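Just below is one structure, and these are the notes that go with it.
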Amino acid sequence: ITDDFLPNVNLFLGNNGIGKSTLLKSLALVTSAPIIHNSGITPYFLVRRSRHNERLYGDVFAEIDLLTGSENDTWLFIVTVERRSDYESIASTGALKSDSPRPIAFGNFSDSVFEPFFMDTSSQFFVVGYSSSRRVEDVHTFNPNSARKSRTARYQRVAGLFEEHVNLAPFSAWLSRLKERNGQRQAHFDEAIYLLNELLPESTTISTDSVDENNVYFVQDGLELPFEALSDGYRSYLGWISDLLYHLQSVCPSDQKLVDIPGIVMVDEVDLHLHPEWQRRVVPILARTFPKIQWMLTTHSPIVVGTLHPKNIYIMEQSENGTTVRQSEERSYGLNAEQILTSDYFGLTTTRAPGAVNRLKELSDKIQQGDKEAVFEMMEELTRKNLGER
């Protein structure tokens, strides 16, 4: 493994419908297991529906190591989701210590070992998730207090994975409040501005003077623009970055930096709306800016795949027993998009348009039949396509 290896990145690849988004949901559920009952989650569609009314259920579980003092405690977190006729429910949730004969915190974690860890203001078990339908809420309608009435802050951080209508926290709704405060909160504001500039392309910046209660302004190629005037690609990317910083600062102790909070951040379609030039840079920049975050990402972009090593990549495939996940062994880092698309990662035989492939096949058949003119036509077709001519 070279110096370019990113140990905190896990990228999942697979066809549509293979279960990449379901994997992220499972991670969100299992890391919230002890408090899932009272979180506000609506389990509708967590178990896929069918024409028949048979009883269906699924278990989600994971072993998690808690760093408690000088020793590690290993716990098995469990979530069971059931479907009975026309409704779904979280049937049982909880945790079992590896050396304990009985479970702790099934259905109710009060007075258990987990209570301090799972308080909304705790930085422990910091988990955030973003679906491919993510969008930023209008600053004039954003009300965090209203959201907390229906969802705990912990569930709010991953609610977008389960509910398409959940919006992201707008920049000015929280940045301006940090700016107005003194002491460490002001330091968190300065750090947030610094991190945003680290995460933005070089042509775009944000300054401390550009933040007010109504908007945040960005300087792009010398032109000052409000967030709403940025392109879809910038807004999609900055939208979830802003939301992530919002949740980080909400749990960050006064004597800590935002980048010192460890946790898991899940992003479905991390390349969404991004220009290919930025796809080449986005994952390494995220990983190095937040070295204590474990990134769980999905993508359909061969350019993103080419920025990572095989040990960062997991391929999801259909098997007789459902979906399987295996770690990649094929080279990826440094390959171009064509090489990756025709590799085991995507499995394409060609990236040419179907019509062009059919034309080349027709010419190949004619050549095999002795048609000399077809040889020149084939050479012309290949030369024109390789040179990018029309």
Side-chain angles (χ1 to χ4, degrees), residues 3-4 6-9 121 123 126-128 130 134 136 139 142 144 157 168-231 233-265 267 270 274-275 277-295 297 307:
D3 292 338
D4 296 307
L6 303 171
N8 58 333
V9 172
T121 55
S123 60
F126 181 77
V127 181
V128 188
Y130 301 102
R134 50 190 178 266
V136 179
V139 65
F142 179 71
R157 294 171 200 154
L168 309 179
F171 274 101
S172 53
W174 62 273
L175 263 179
S176 59
R177 295 172 190 170
L178 278 186
K179 184 179 181 181
E180 294 169 358
R181 297 178 183 178
N182 297 320
Q184 188 60 34
R185 286 299 180 182
Q186 175 66 45
H188 284 168
F189 171 79
D190 294 335
E191 184 185 4
I193 295 296
Y194 170 79
L195 292 174
L196 284 168
N197 283 325
E198 286 291 298
L199 295 166
L200 281 165
E202 293 180 359
S203 61
T204 305
T205 59
I206 180 176
S207 70
T208 56
D209 297 330
S210 69
V211 179
D212 61 41
E213 63 182 7
N214 294 315
N215 218 321
V216 174
Y217 291 85
F218 297 82
V219 178
Q220 191 172 72
D221 297 324
L223 184 65
E224 190 174 71
L225 299 170
F227 175 78
E228 290 79 4
L230 297 176
S231 68
Y234 274 95
R235 284 188 286 122
S236 173
Y237 172 63
L238 282 169
W240 70 262
I241 290 295
S242 167
D243 191 82
L244 171 59
L245 290 171
Y246 164 71
H247 289 298
L248 280 170
Q249 61 84 30
S250 70
V251 301
C252 189
S254 60
D255 59 347
Q256 258 187 293
K257 292 183 177 180
L258 301 178
V259 293
D260 288 336
I261 301 296
I264 297 173
V265 176
V267 187
V270 68
L274 295 184
H275 187 277
E277 175 60 32
W278 193 234
Q279 290 180 32
R280 294 174 58 232
R281 305 173 187 273
V282 62
V283 174
I285 286 176
L286 289 170
R288 290 171 180 144
T289 303
F290 295 98
K292 294 188 177 181
I293 292 293
Q294 282 292 318
W295 294 92
L297 311 171
T307 65

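Along the sequence shown, residues are numbered consecutively beginning with 1. Note: hydrogens, waters and symmetry copies are ignored here, and every other heavy atom, side chains too, is used. A quick note: this is a predicted structure, and the numbers were derived from the prediction, not measured.
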Q294 and P7: which non-hydrogen atoms are nearest, and at how many Å? NE2-O, 3.9 Å

By side chain to side chain contact (heavy atoms under 4.5 Å, CB included), T204 pairs with (sequence neighbours left out) L200, F218, Q220, Y234

Kindly assign one of parallel, tilted or perpendicular to the pair W174 and F171, based on the angle between their ring planes and the thresholds 30° and 60°. parallel

Excluding sequence neighbours, so at least two apart, what forms salt bridge (Lys or Arg N to Asp or Glu O under 4.0 Å) with E277? R280, R281

Tell me, which pairs form a salt bridge (Lys or Arg N to Asp or Glu O under 4.0 Å) where one or both residues lie in residues 234-252, sequence neighbours left out? D232-R235

Is a side-chain N or O of Y130 found less than 3.5 angstrom from the main chain of G239, in a donor-acceptor match? no

Show your working on side chain to side chain contact (heavy atoms under 4.5 Å, CB included) between K292 and D260 and close with a plain yes or no. CA-CA 7 Å; K292 294 188 177 181; D260 288 336; 3.8 Å; yes

Distance col, row E198:CD vs I193:CD1, nearest 0.5 angstrom, shows 12.5 Å

Check whether any side-chain N or O of Q279 sits under 3.5 Å from a backbone N or O of L274 as a donor-acceptor pair, and report yes or no. yes

Would you please test V267 and V282 for side chain to side chain contact (heavy atoms under 4.5 Å, CB included) and show each step? CA-CA 12 Å; V267 187; V282 62; over 6 Å; no

What are the two closest non-hydrogen atoms of S242 and A169, and how far apart are they? OG-O, 3.4 Å

Measuring from atom OH of Y194 to atom CD1 of I206, what distance do you get when rounded to the nearest 0.5 angstrom? 15.0 Å

For side chain to side chain contact (heavy atoms under 4.5 Å, CB included), just list the numbers for V270 and L286, CA-CA rounded to whole Å, side-chain angles, deciding distance to a tenth of an Å, and then say yes or no. CA-CA 11 Å; V270 68; L286 289 170; 4.3 Å; yes

Which residues share a side-chain hydrogen bond (donor to acceptor under 3.5 Å, both in side chains) with T307, sequence neighbours left out: none

Suppose we screen for side-chain hydrogen bond (donor to acceptor under 3.5 Å, both in side chains). Which residues come up paired with W278, at least two apart in sequence or across chains? none

Close side-chain approach of L248 and F126, heavy atoms under 4.5 Å: yes

For the atom pair OG (S231) and NE2 (H275), what is the distance rounded to the nearest 0.5 Å? 10.0 Å

Taking side chain to side chain contact (heavy atoms under 4.5 Å, CB included) as the test, write out the residues that go with V259, two or more places apart. E191, L195, K257, F290

Could you tell me whether a side-chain N or O of N8 sits under 3.5 Å from a main-chain N or O of A287, the two making a donor and an acceptor? yes

Heavy-atom pair with the smallest gap, counting every atom of N197 and T205: OD1-CA, 3.3 Å

Donor-acceptor contact present, side-chain Y246 to main-chain L168, <3.5 Å: no

Main chain of I285, side chain of T289: is a donor-acceptor contact present, judged purely on distance under 3.5 Å? yes

Between H188 and S254, is there a donor-acceptor pair closer than 3.5 Å when you use the side chain of the first and the backbone of the second? no

I need the minimum non-hydrogen distance between A192 and L175, along with the two atoms involved. CB-CD2, 4.1 Å

With side chains defined as the heavy atoms from C-beta onward, is the minimum distance between L258 and Q249 less than 4.5 Å? yes

